[in-house]
Protein chains: 2
Amino acid sequence: MTTTKFSRQRESIKDYLSTTKDHPTADMVYDHIKKIYPNISLGTVYRNLNFLVEQGSIIKVSYGNGSDHFDGNVLPHYHFICRNCSAIEDISMPKEAVEQFLHSADENFAGTIEASSTYFYGLCKKCSENKH
Amino acid sequence: MTTTKFSRQRESIKDYLSTTKDHPTADMVYDHIKKIYPNISLGTVYRNLNFLVEQGSIIKVSYGNGSDHFDGNVLPHYHFICRNCSAIEDISMPKEAVEQFLHSADENFAGTIEASSTYFYGLCKKCSENKH
DNA sequence: CCAATAACAATAATTATTATCAATATTACC
DNA sequence: GGTAATATTGATAATAATTATTGTTATTGG
Ligand SMILES: [Mn+2]
Ligand SMILES: [Mn+2]
Ligand SMILES: [Zn+2]
Ligand SMILES: [Zn+2]
């Protein structure tokens with residue numbers, strides 16, 4: 001068994017993700033942590049983000065396009081991506097709606113469904129309003 | 001207005017995707033078309049795949065991990081990715097189940113949802129059976 | 001047929017991410 | 001507290017997927 005040692009860099013990354021509402025990319029996390037640990041390397045950020053995802057402390061948000069994003073909120077919820085400003089926002093849905101959807105998928109598939117990921121796209125509130 | 005000229009390479013790519021049940025990557029399309037046009041370049045494959053997606057003749061299947069896949073079936077359907085053999089399979093769902101899910105998302109979001117993408121993961125029929 | 005130009009093949013460039021490795025920090029033990 | 005073992009780091013090289021560039025070729029309307 002390989003033990004896990006404390007690292008102030010990793011702690012800082014976890015703290016940042018647990019306090020921000022944003023869903024930053026590795027690069028954005030890097031820029032933020034650099035203010036606290038100016039010598040941190042981008043590789044260290046990637047290494048720790050992957051470590052934390054593995055550990056279940058954060059989640060990775062990868063909707064095909066461009067870089068992966070990271071989220072300190074590990075409670076089950078969905079994500080919306082604005083086609084205008086690229087902001088990522090949370091969507092919570094009633095458990096029944098989700099379960100009914102997943103159940104229907106299961107009914108229509110021959111293998112075993114273990115997980116799923118859904119992303120929503122469109123215009124966020126701000127962008128909807130600004131486009132009159 | 002910039003006119004579109006015929007290209008036997010593009011036609012061949014479209015034909016291939018419309019006749020295969022697979023969901024090949026750009027590289028797999030390249031390997032296939034090379035048998036017919038040995039001088040075709042990978043850049044040409046990418047250029048035409050993007051063109052055809054833009055045009056709505058094919059769809060792009062990008063679930064975060066690795067390369068994008070392409071699908072000649074443009075009718076609405078979902079995709080399943082096997083965690084063991086990486087095969088991509090189609091899932092069709094009753095319209096009501098889908099609509100109920102999308103409606104619920106819309107109810108719980110302040111902006112405007114225009115589209116969504118869902119991927120299912122697990123073990124395909126074959127892999128489920130082989131792991132008894 | 002021929003001029004205009006869309007599309008091509010070859011290849012360089014870019015982007016996102018992972019791997020390598022010598023130096024450093026953390027931790028368990030005395 | 002000092003020290004040995006090793007997890008983690010910063011720096012940097014490597015990889016993988018995709019896009020951009022450019023000079024050449026194929027298509028097409030006149
Ligand atoms: Mn979130
Ligand atoms: Mn399909
Ligand atoms: Zn927006
Ligand atoms: Zn399988």
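Only heavy atoms go into these numbers, but all of them, side chains included; no hydrogens, no water, no symmetry mates. First the proteins, then the strands, lettered A, B, ... as listed; each starts at 1.
No continuous path of ILVMFWY side-chain contacts below 4.5 Å connects Leu52(A) to Val61(A), so the two sit in separate hydrophobic clusters.
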Original post:
Could you go step by step and tell me if His79(B) and Ile91(B) meet the side chain to side chain contact (heavy atoms under 4.5 Å, CB included) rule?
Top reply: CA-CA 6 Å; His79(B) 290 108; Ile91(B) 303 184; over 6 Å; no
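When heavy atoms are screened at a 4.0 angstrom cut-off, Thr25(B) is found touching no nucleic acid atom at all.
Judged by distance alone, the side chain of Asp106(B) and the main-chain N or O of Leu102(B) form no donor-acceptor pair under 3.5 Å. Side chain of Tyr119(B) to main chain of Ser62(B): a donor-acceptor pair is present (N/O by atom type, distance under 3.5 Å, no hydrogens or angles). Between the side chain of Tyr63(B) and the backbone N or O of His69(B) there is no donor-acceptor pair closer than 3.5 Å. In this structure a side-chain-to-backbone donor-acceptor pair under 3.5 Å is present from Asp71(B) to Asn73(B).
Of the two residues near DNA chain C, Thr2(B) and Ile40(B), the one whose nearest nucleotide lies more 5' is Thr2(B).
Here the range on DNA chain C touched by chain B, meaning any atom under 4.0 Å from one of its heavy atoms, is dA4(C) to dA10(C).
Within a heavy-atom distance below 4.0 Å of DNA chain D, the residues of residues 4-14 of chain A found are Thr4(A), Lys5(A), Ser7(A), Gln9(A), Arg10(A). Non-hydrogen atoms lying under 4.0 Å from DNA chain C are contributed by Ser41(B), Thr44(B), Arg47(B), Asn48(B), all within residues 41-61 of chain B.
Aromatic pair Phe120(A)/Phe109(B): ring centres not closer than 6.0 Å.
Nucleotide dT25(D) holds its P atom 18 Å from the OH atom of Tyr37(B), rounded to whole Å.
Both the sub-6.0 Å distance and the 45° axial angle are not jointly satisfied by Arg8(B) relative to the ring of Tyr37(B).
The line from CG of Leu17(B) to CG of Asp22(B) is 10.0 Å long, rounded to the nearest 0.5 Å.
Taking the six-membered ring for Trp and thresholds of 30 and 60 degrees, His32(B) and Tyr16(B) have nearly parallel ring planes, at less than 30 degrees apart.
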